[in-house]
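Take a look at the structure below.
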Amino acid sequence: MTHAPLPGPIDPPARLLMGPGPISAYPSVLRAMSAPLVGQYDPFMTATMTETQELYRGVWSTRNEATVLVDGTSRAGIEAAITSLVRPGERVLVPVFGRFGHLLAEIARRAMAEVHTIEVPWGQVFTPSAIEEAVARVRPHLLALVQGDTSTTMNQPLDEIGAICARHGALFYTDATASLGGNDFEADAWGLDAATAGLQKCLGGPSGSSPITLSDRAVEVVVARKSIEAGIREDGDPDAADFVRSNYFDLGQILDYWGPRRLNHHTEATSMLYGARECARVLLAEGRDAVIDRHRLAGAAMLAGVRALGLEVFGDVAHKMHNVVAVEIPDGVPGDAARTVLLEDFGIEIGTSFGPLHGRVWRIGTMGYNARQDAVLTTLAALEAVLRRFGAKVPVAGGVEAAADVYRAAA
Ligand SMILES: *Cc1c(COP(=O)(O)O)cnc(C)c1O
C-alpha cells in the first residue's frame with residue numbers, strides 16, 4: 001500500500017482578506033485561541049463563560065440575561081433561534097432583500113413553520129410601513145429580518161421595527177452577522193427579542209461561534225419548549241408535542257448550560273470561547289462607538305476610492321453597510337480572472353457575488369481588523385494595477401488619493 005507523503009505543519013500564505021467575510025482576524029484573537037485548554041467545569045472555564053456573556057451584553061447593547069454563544073458558524077445561531085422560537089405550523093414572516101433572507105425563510109420552513117415572504121429588489125431595503133403592512137396582514141408569531149445582507153451590501157434599518165412587532169404581538173428576530181460591530185446595533189432600544197451573529201465579519205474573528213441574545217419574552221418561549229419528556233407526557237402524541245426538534249440547537253437546554261445550574265448539554269468549544277471573548281474584549285476596549293466610526297471611515301474611504309477608479313457602485317448607497325461595498329465589474333474585465341491575479345500576485349482577497357449579481361459585481365469589505373487605512377489604500381493600489389492589466393482605463397493613483405483624502409479630512 002502506498003501513502004501520500006506526510007504533509008508538513010499547517011502554513012497558510014500571507015493574505016489580506018478584503019472580501020465580504022471571512023476577514024483577517026485580530027492578532028490578539030488568534031493568540032487567545034492558542035491558550036491552553038481547561039476542563040468543561042473548571043472554575044476558570046465557567047468564569048470565562050460568565051465573563052463572555054457580560055462582554056457580549058456590551059456588544060449587543062442589551063441587559064438580556066440570556067446572552068450566550070451557540071457553537072457553530074453564524075447559521076448555527078440562526079437555526080437555534082428559529083428552531084427554538086417557532087413551533088411547527090406557526091407563522092413566520094421574512095422580508096427578503098438578499099440571499100440571507102432566503103436562508104432565514106428556508107430554515108423556518110425546515111422548522112415546519114408557515115412561512116410568508118415579502119421582497120424588494122436586490123440593492124434596496126424595506127420601509128417600516130411596508131413591513132408593518134405585511135405584519136398586520138400575516139399576523140406572524142415571528143418576524144425574521146436580516147440586518148445587513150452581505151449579498152447586496154444593504155443595511156436594513158431596524159430602529160422602528162420593534163415597535164411594529166410589539167403593536168402586532170410578533171416576536172422580532174434579526175440576523176446581524178454581517179453588520180454587528182461595524183454598524184449601529186441596539187438590541188434593547190430597538191425592541192429585539194432575538195439576535196444572532198458570527199465572528200468572521202466586523203467582530204474580527206474566525207467563523208465557528210455564534211453570539212446570540214434573547215429577550216425575557218423569547219426566553220419564556222424557548223424554556224416552555226425545552227423538555228422532550230414534558231412534551232410527550234402532557235400530550236401523549238410525540239408528533240404533536242411541543243419540544244424543539246433538535247437537541248444541539250435547543251436554546252432552552254443551551255441556556256441551562258450557560259446559566260447558574262450549568263446543566264450539561266454540549267461541551268463548550270473552549271478555543272472558540274477564548275476567541276469570541278477576545279473579539280468582544282477588543283471591541284469594548286477600543287469602544288463600541290469608536291469601532292463603528294472606524295468602520296464608517298474605512299467604508300467611506302473605500303467608497304471614494306472605488307469611485308475615483310471609475311467603478312460604479314451597486315445598490316442604494318444611502319443604505320449601504322459601512323463594512324462592504326459592491327462594485328460593478330467594468331465591461332471587458334473578466335471578474336474571476338482579475339480576482340485571481342489580486343490573490344496570487346498581491347495576496348489580497350476580494351469577493352465574488354451570488355444569484356442575480358454573480359459575474360456583475362465584486363464585493364470589497366473593510367471589516368474588523370481590516371477596517372484600517374493601510375488595508376484600504378493597499379487594496380485600492382492593487383485593484384488599480386489589476387484593472388489596468390486587464391485593459392481598463394483607470395486614472396493613475398486616483399483611488400488611493402481619493403481614499404487618503406477621506407482619511408485626511410477625518411484626521
Ligand atoms: C456572512 C453571513 C452569514 C454567514 O453564515 P455562516 O454560517 O457563518 O457562514 C450569515 N448571515 C449573514 C447575514 C451573513 O452576512
Side-chain angles (χ1 to χ4, degrees), residues 17-25 29 60 69-83 94-108 110 117 119-120 122-126 143-158 161 172-185 192 194-213 246 248-249 269 272 275-276 279 295 299 314-315 319-326 349-355 357 361-368 370-371:
L17 300 181
M18 301 297 285
I23 47 72
S24 319
V29 170
W60 289 115
L69 306 174
V70 177
D71 289 354
T73 67
S74 320
R75 76 188 60 208
I78 300 171
E79 193 137 1
I82 293 179
T83 306
V94 187
V96 176
F97 61 101
R99 174 177 187 242
F100 288 102
H102 290 295
L103 177 68
L104 300 191
E106 188 215 299
I107 290 175
R110 286 178 190 266
T117 59
E119 294 194 39
V120 287
W122 282 35
Q124 296 179 24
V125 296
F126 291 91
L143 176 75
L145 179 59
V146 173
Q147 184 188 25
D149 202 309
T150 33
S151 65
T152 71
T153 76
M154 292 298 107
N155 185 352
Q156 170 67 47
L158 300 182
I161 310 300
F172 178 24
Y173 160 66
T174 193
D175 171 10
T177 303
S179 42
L180 184 68
N183 304 267
D184 290 335
F185 195 94
L192 279 150
T196 62
L199 304 184
Q200 76 268 33
K201 310 278 170 81
C202 303
L203 293 178
S207 64
S209 178
S210 181
I212 182 170
T213 188
S246 166
Y248 195 69
F249 292 132
M272 284 312 306
C279 287
H295 281 86
F314 170 80
H319 287 106
K320 192 181 84 51
M321 280 186 279
H322 297 139
N323 47 297
V324 60
V325 62
E349 180 179 282
I350 64 168
T352 177
S353 315
F354 302 104
L357 294 181
V361 306
W362 293 312
R363 291 175 303 152
I364 306 177
T366 42
M367 307 192 196
N370 287 348

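Every number for a ligand or one of its atoms is a count from 1 in the order of the listing. Just the heavy atoms: all of them, side chains too, but no hydrogens, waters or symmetry mates, feed the values below.
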closest protein heavy atom to atom 9 (O) of ligand 1 is Q200 NE2, 3.8 Å

Just jot down the side chain to side chain contact (heavy atoms under 4.5 Å, CB included) partners of T213, sequence neighbours excluded, or say none. W60, T62, N64, T67, A187, A195

Check whether any side-chain heavy atom of M272 sits under 4.5 Å from a side-chain heavy atom of L69, and report yes or no. no

Could you tell me whether the side chain of F97 reaches within less than 4.5 Å of the side chain of Q124, counting heavy atoms only? no

Numbering the atoms of ligand 1 from 1, which are under 4.0 Å from a heavy atom of T73? 6 (P), 7 (O), 8 (O)

Taking distance alone, with no angle check, do R75 and ligand 1 share an N/O pair under 3.5 Å? yes

Protein contact to atom 10 (C) of ligand 1 [nearest heavy atom, distance to 0.1 Å]: F100 CE2, 3.4 Å

Out of T153, T150, N323, which one pairs with P20 under the side-chain contact (heavy atoms from CB on, under 4.5 Å) rule? T150

The closest protein heavy-atom partner of atom 5 (O) of ligand 1 is S74 CB, 3.3 Å

For ligand 1, is there an N or O atom under 3.5 Å from any N or O atom of D149? no

Closest to atom 2 (C) of ligand 1 among protein heavy atoms sits K201 NZ, 2.5 Å

Just going by heavy-atom distances, which of T150, D175, T174, L199 is nearest to atom 11 (N) of ligand 1? D175

Within 4.0 Å of some non-hydrogen atom of G148, the atoms of ligand 1 are 13 (C)

L180 versus K201: any side-chain heavy-atom pair under 4.5 Å? no

Compare all side-chain heavy atoms of P95 with those of L143 and state whether any distance is below 4.5 angstrom. yes

Which residues satisfy the side chain to side chain donor-acceptor pair (under 3.5 Å) test with S151, sequence neighbours excluded? D149

